[in-house]
Trainee: 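Mind looking over this structure? Questions follow.
Small disclaimer: the values here were computed from a predicted structure and weren't measured. By convention in this document, chain letters (A, B, ...) are assigned in the order of the sequence lines, proteins followed by strands, and residues within each chain are numbered from 1.
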There are 2 protein chains.
Amino acid sequence: MSLALGVDRSSPVPLYYQLAQQLEAAIERGALTPGSLLGNEIELAARLGLSRPTVRQAIQSLVDKGLLVRRRGVGTQVVHSQVRRPLELSSLYDDLEAAGQRPSSSVLVNTVVPASAEAAAALGVAEGDEVHRVERLRLTHGEPMAYLVNQLPAGLLDLDTGRLEATGLYRLLRSAGITLHSARQSIGARAASAPEAERLGESEGSPLLTMERVTFDDTGRAVEFGTHTYRPSRYSFEFQLLVRS
Amino acid sequence: MSLALGVDRSSPVPLYYQLAQQLEAAIERGALTPGSLLGNEIELAARLGLSRPTVRQAIQSLVDKGLLVRRRGVGTQVVHSQVRRPLELSSLYDDLEAAGQRPSSSVLVNTVVPASAEAAAALGVAEGDEVHRVERLRLTHGEPMAYLVNQLPAGLLDLDTGRLEATGLYRLLRSAGITLHSARQSIGARAASAPEAERLGESEGSPLLTMERVTFDDTGRAVEFGTHTYRPSRYSFEFQLLVRS
DNA sequence: TAGTGGTCTAGACCACGAC
DNA sequence: TCGTGGTCTAGACCACTAT
């Protein structure tokens with residue numbers, strides 16, 4: 001079929017991005033089937049009235065997403081559906097978005113405290129400096145799923161409980177002009193201490209899944225330090241990993 | 001300083017790649033310091049005798065790696081060192097490379113067996129079809145660290161123990177003409193069963209870190225299914241996560 | 001040999017951010 | 001206002017794959 005691709009040159013959306021979105025939508029709805037060839041770039045460019053580099057940029061963005069594969073001498077193919085499904089490591093946005101989106105997440109603690117040695121090291125501030133500390137309990141179906149502790153340098157942004165529950169940490173950070181860049185994460189496991197078990201409705205010594213994370217903005221500042229514990233019967237980290245070629 | 005950048009046009013290595021490597025090396029050795037501006041693209045292109053798109057391609061590849069940040073109206077800056085350190089999720093290459101590289105990893109089982117329902121579903125073969133099954137124990141400092149079980153569709157490649165220990169799964173896959181594309185992973189935790197505890201030198205009921213993975217090649221075939229258990233006192237998953245912008 | 005993607009050029013204009 | 005990166009064009013030649 002002909003796919004009905006076409007770009008709107010009066011739109012402020014970049015041409016390559018428009019094309020990428022249309023291709024992605026076509027893949028998603030099955031108009032482009034797994035393994036099928038996309039047709040050569042020159043012809044596609046001519047058909048759309050675009051230059052080849054622009055078409056290439058669109059295709060490349062989908063290759064980077066893992067949706068397409070290019071092979072020299074063969075062409076550009078749609079990857080098979082089992083491969084393509086999701087998504088990046090969800091935990092960052094998941095945890096930071098949290099409140100507001102999911103009614104089953106509640107803010108238990110929201111205060112300013114002196115930084116512990118651990119938090120100070122993670123955030124790159126001096127021990128004893130003021131940091132915001134937020135503790136949240138995440139519930140699913142009325143049962144505790146995770147206990148989330150986030151610490152942020154004080155003065156980075158307004159963090160009142162109302163806005164936090166309504167908007168989520170991620171949007172508060174964005175609206176404060178902070179551009180997230182990267183995060184360092186560590187996922188492990190350990191036996192629950194008595195208070196940890198109590199908080200999550202487990203028994204002492206039962207296994208917990210743990211995640212520690214430091215998030216950086218694009219200036220290299222640490223903007224968030226999270227130490228989270230999850231009930232392994234109710235949560236696991238699922239993600240897809242693209243192989244750098 | 002002037003950085004002594006320059007490209008070799010007689011080399012088969014793409015110009016943008018040469019430049020990217022030189023910039024990366026300069027960042028790595030500190031010749032380009034965190035936060036410092038790279039200078040505008042046009043001037044850099046002129047200095048190197050390259051076109052601007054080529055220079056942009058080099059820079060873009062480092063932006064994608066998280067080493068550089070671009071801001072309109074400002075310029076291209078080196079990311080601060082704390083942000084830049086590692087690496088993708090290590091576990092895939094780590095586990096697949098395994099033998100050969102690390103003398104402390106031994107192959108315990110290497111046979112062909114009928115696929116269990118679980119393995120069949122993961123690999124996209126019929127239940128009872130033949131699959132290779134490899135079980136390895138990973139040691140550090142003489143102590144068990146992880147128990148790795150990998151299953152592969154039979155007939156995909158030669159898998160004798162000698163080659164496996166000498167080369168590692170990853171290279172065997174590559175040398176069989178298989179191009180890895182992506183992997184789906186799930187990380188969780190659970191209490192150790194008696195045999196699991198035995199294998200890893202833990203006690204029954206103690207917490208284990210678990211990882212399940214299905215790896216796909218660029219044709220969409222599932223080429224590997226791994227179910228691994230780790231001693232949490234000796235192993236955790238460490239990785240950096242770049243925020244898609 | 002024919003067809004594909006991979007790389008590269010030498011320009012152009014625009015949008016956003018800093019000042 | 002000015003400088004930066006963001007986008008786009010219309011070509012070119014090369015390298016690899018398949019047949």
Trainee: Using a cut-off of 4.0 Å between protein heavy atoms and nucleotide atoms, how would you tag nucleotides 2-10 of chain D 5' to 3' with B, S and -?
Mentor: -BBBBBSBB
Trainee: Of the options A/Leu38, A/Leu15, A/Leu44, A/Ile42, which is the one that meets A/Val55 in a side-chain contact (heavy atoms from CB on, under 4.5 Å)?
Mentor: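 That would be A/Leu44; it is the only one of A/Leu38, A/Leu15, A/Leu44, A/Ile42 passing the side-chain contact (heavy atoms from CB on, under 4.5 Å) with A/Val55.
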Trainee: Just the rounded figure in Å: distance from C1' of C/dG5 to CD1 of A/Ile59.
Mentor: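 Whole-Å distance recorded here is 9 Å.
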Trainee: With a 4.5 Å heavy-atom cut-off, do B/Leu180 and B/Val223 have their side chains touching?
Mentor: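 The answer is yes; the side chains approach within 4.5 Å.
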Trainee: Rounded to the nearest angstrom, tell me the gap between atom CG in B/Asp218 and atom P in C/dG5.
Mentor: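 Spelled out: CG on B/Asp218 to P on C/dG5 is 15 Å.
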Trainee: Show, in sequence, the C-alpha distance, side-chain angles and deciding distance for B/Glu238 and A/Ser186, and conclude whether the side-chain hydrogen bond (donor to acceptor under 3.5 Å, both in side chains) test is met.
Mentor: CA-CA 4 Å; B/Glu238 313 272 347; A/Ser186 172; 3.1 Å; yes
Trainee: For B/Glu43, look at atom CD and say whether over 12 heavy atoms of other residues, nucleotides or ligands are found less than 6.0 Å away.
Mentor: yes
Trainee: Does B/Gln21 have more than 12 heavy atoms from other residues, nucleotides or ligands lying within 6.0 Å of its CD?
Mentor: yes
